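Before any comments, here is the structure.
Computed from heavy atoms alone, side chains included, the values below leave out hydrogens, waters and symmetry copies. Sequence positions, counted from 1, serve as the residue numbers for this chain. Because the structure is predicted, anything quoted here is derived from the model rather than measured.
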Amino acid sequence: MTAPEQTSVDWVAADWGTSHLRLWPMGTDGVPLERIDSDQGMSRLTADGYEQVLLDLLAPYLAPETALDVICCGMVGSRQGWREAPYAASPCAPPSFDTATLVQTEDPRLRVHVLSGVKQLAPADVMRGEETQIAGVLVADPGFDGVVCLPGTHTKWVSLKDGAITGFSTFLSGELFQLISAQSVLRHTLAGAGWDQAAFETGCQQGAARPESLANALFGLRAGALLEGLDPVAARARASGYLLGMEVEAMREDWQGRPVAMVGENEIAQAYATALRLQGASVEILDAQDITLAGLCAARAQMK
């Protein structure tokens with residue numbers, strides 16, 4: 001792909017996670033010139049490898065004797081990343097450029113800033129990258145008073161009030177589903193793909209009604225397959241429902257009577273929205289890319 005003229009780029013937005021990197025060279029009009037996707041996430045790099053990744057991917061935009069600002073969020077700022085960016089302590093406003101960490105680069109054509117994550121001491125919890133999406137939600141709705149759900153392998157539930165993060169919780173439900181599907185006895189019972197919406201909704205209702213019985217309900221899928229011929233696709237969907245129903249019930253005190261903003265555009269976001277709506281929650285799904293970019297652009301605006 002041929003990049004636009006070098007002078008048209010103003011700065012670069014970067015979402016640098018564990019497995020993926022997304023870059024948006026931003027034009028002077030505030031519109032992305034393109035989106036660059038890479039599999040060079042934190043898990044594949046050592047600290048001395050990050051700069052070269054940017055040099056390779058941003059080569060068409062680099063100009064001699066000009067430092068191109070790159071503003072990053074995500075695991076790039078973790079202890080195992082390029083440069084650890086200190087956590088802001090909640091309750092707090094979503095961290096922005098005022099607490100960003102400047103990374104020393106060897107090439108003067110790059111000036112890299114890593115945004116801070118957020119920590120919570122009681123109960124202990126952390127986030128990196130999601131805080132920038134929270135900032136994006138507040139760009140879209142500055143007066144938002146409710147819960148933001150950020151679904152994924154490790155789903156975050158974040159309470160917002162008066163523009164501040166007042167508390168948050170992380171659930172490993174996505175990772176548990178992966179482990180159960182691939183490494184437990186249920187690997188013989190759950191299909192590797194496919195979906196049964198009715199079975200999923202049944203699982204959500206049962207998981208919310210009896211979250212304390214999750215382990216028992218999951219083994220029931222194995223027994224159902226052996227004794228009743230339970231369909232593997234239905235078993236897969238029901239297992240997912242059990243986990244999401246349990247999670248939604250655990251967060252009921254936070255979301256009940258308040259709006260929920262779901263940041264995501266994929267099947268996982270739709271599944272979470274369904275699980276919440278089955279329990280009477282009001283949910284709006286927001287596009288993850290738009291929200292992430294809005295948060296990064298808010299940081300850039302503070303920089304100027």
Side-chain angles (χ1 to χ4, degrees), residues 3-17 21-36 54 57-58 61-63 66-77 81-83 85-105 108-118 127-146 148 150 156 158 160-166 168 261 263-265 284 286-304:
E5 294 296 324
Q6 292 174 341
T7 54
S8 65
V9 66
D10 185 29
W11 64 287
V12 177
D15 180 9
W16 211 326
L21 165 64
R22 293 185 296 175
L23 298 171
W24 294 273
M26 304 294 293
T28 53
D29 59 356
V31 176
L33 301 174
E34 64 169 323
R35 170 173 150 175
I36 302 170
L54 289 181
L57 295 176
L58 297 176
Y61 297 99
L62 299 175
T66 301
L68 179 61
D69 284 307
V70 182
I71 299 179
C72 306
C73 68
M75 294 302 290
V76 64
W82 189 356
R83 171 75 181 276
Y87 289 111
S90 68
C92 63
S96 191
F97 190 79
D98 58 340
T99 59
T101 296
L102 178 65
V103 180
Q104 296 299 319
T105 57
R109 295 175 298 168
L110 289 174
R111 186 163 52 219
V112 179
H113 315 267
V114 179
L115 300 179
S116 300
V118 177
M127 69 169 77
R128 281 203 185 274
E130 293 89 357
E131 73 293 325
T132 300
Q133 293 180 312
I134 297 301
V137 170
L138 291 173
V139 169
D141 184 358
F144 183 79
D145 182 347
V148 180
L150 303 120
K156 306 284 185 185
V158 185
L160 294 182
K161 187 175 181 61
D162 298 328
I165 297 169
T166 58
F168 61 98
V263 179
E265 70 285 346
E284 180 182 6
L286 305 176
D287 182 83
Q289 173 173 292
D290 291 346
I291 292 299
T292 301
L293 263 179
L296 287 164
C297 288
R300 170 65 174 180
Q302 190 185 60
M303 174 184 175
K304 293 182 177 181

Show the nearest heavy-atom pair for residues [X] and [Y], with the distance to one decimal.
X      : Y      : value
Ile165 : Ser90  : O-CB, 4.0 Å
Cys92  : Ala88  : SG-CB, 4.2 Å
Pro142 : Val139 : CD-O, 3.9 Å
Val114 : Gly77  : CG1-CA, 3.5 Å
Pro86  : Thr101 : CD-OG1, 3.4 Å
Thr132 : Leu296 : CG2-N, 3.6 Å

With a 4.5 Å heavy-atom cut-off, do [X] and [Y] have their side chains touching?
X      : Y      : result
Glu130 : Phe168 : no
Val70  : Trp16  : no
Met303 : Asp69  : yes
Phe144 : Ile134 : no

task = Give the intermediate values and the outcome of side-chain contact (heavy atoms from CB on, under 4.5 Å) for residues Val148 and Gln133.
result = CA-CA 9 Å; Val148 180; Gln133 293 180 312; over 6 Å; no

With rounding to the nearest 0.5 angstrom, report the [atom1] to [atom2] distance, [X] to [Y].
X      : Y      : atom1 : atom2 : result
Lys156 : Met127 : NZ    : CE    : 6.0 Å
Arg22  : Asp15  : CZ    : CG    : 4.5 Å
Ile71  : Ser96  : CD1   : OG    : 8.0 Å
Leu150 : Glu131 : CG    : CD    : 10.0 Å
Leu33  : Trp24  : CG    : CH2   : 13.5 Å
Arg128 : Ser116 : CZ    : OG    : 7.5 Å

query = Does the ring of Tyr61 carry Arg109 above it, NZ/CZ under 6.0 angstrom from centre and within 45° of its axis?
reply =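 No cation-pi geometry.
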
ask   = Between the main-chain N or O of Ala164 and the side-chain N or O of Asp162, is there a donor-acceptor pair closer than 3.5 Å?
value =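 Checked: no pair found.
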
message = As a quick check of understanding, evaluate side-chain contact (heavy atoms from CB on, under 4.5 Å) for Arg300 and Met26, giving each step before the final call.
response = CA-CA 11 Å; Arg300 170 65 174 180; Met26 304 294 293; over 6 Å; no

task = Show your working on side-chain contact (heavy atoms from CB on, under 4.5 Å) between Leu21 and Leu57 and close with a plain yes or no.
result = CA-CA 10 Å; Leu21 165 64; Leu57 295 176; 3.7 Å; yes

key: Stepwise side-chain contact (heavy atoms from CB on, under 4.5 Å) test for Leu110 and Val103   = CA-CA 10 Å; Leu110 289 174; Val103 180; over 6 Å; no

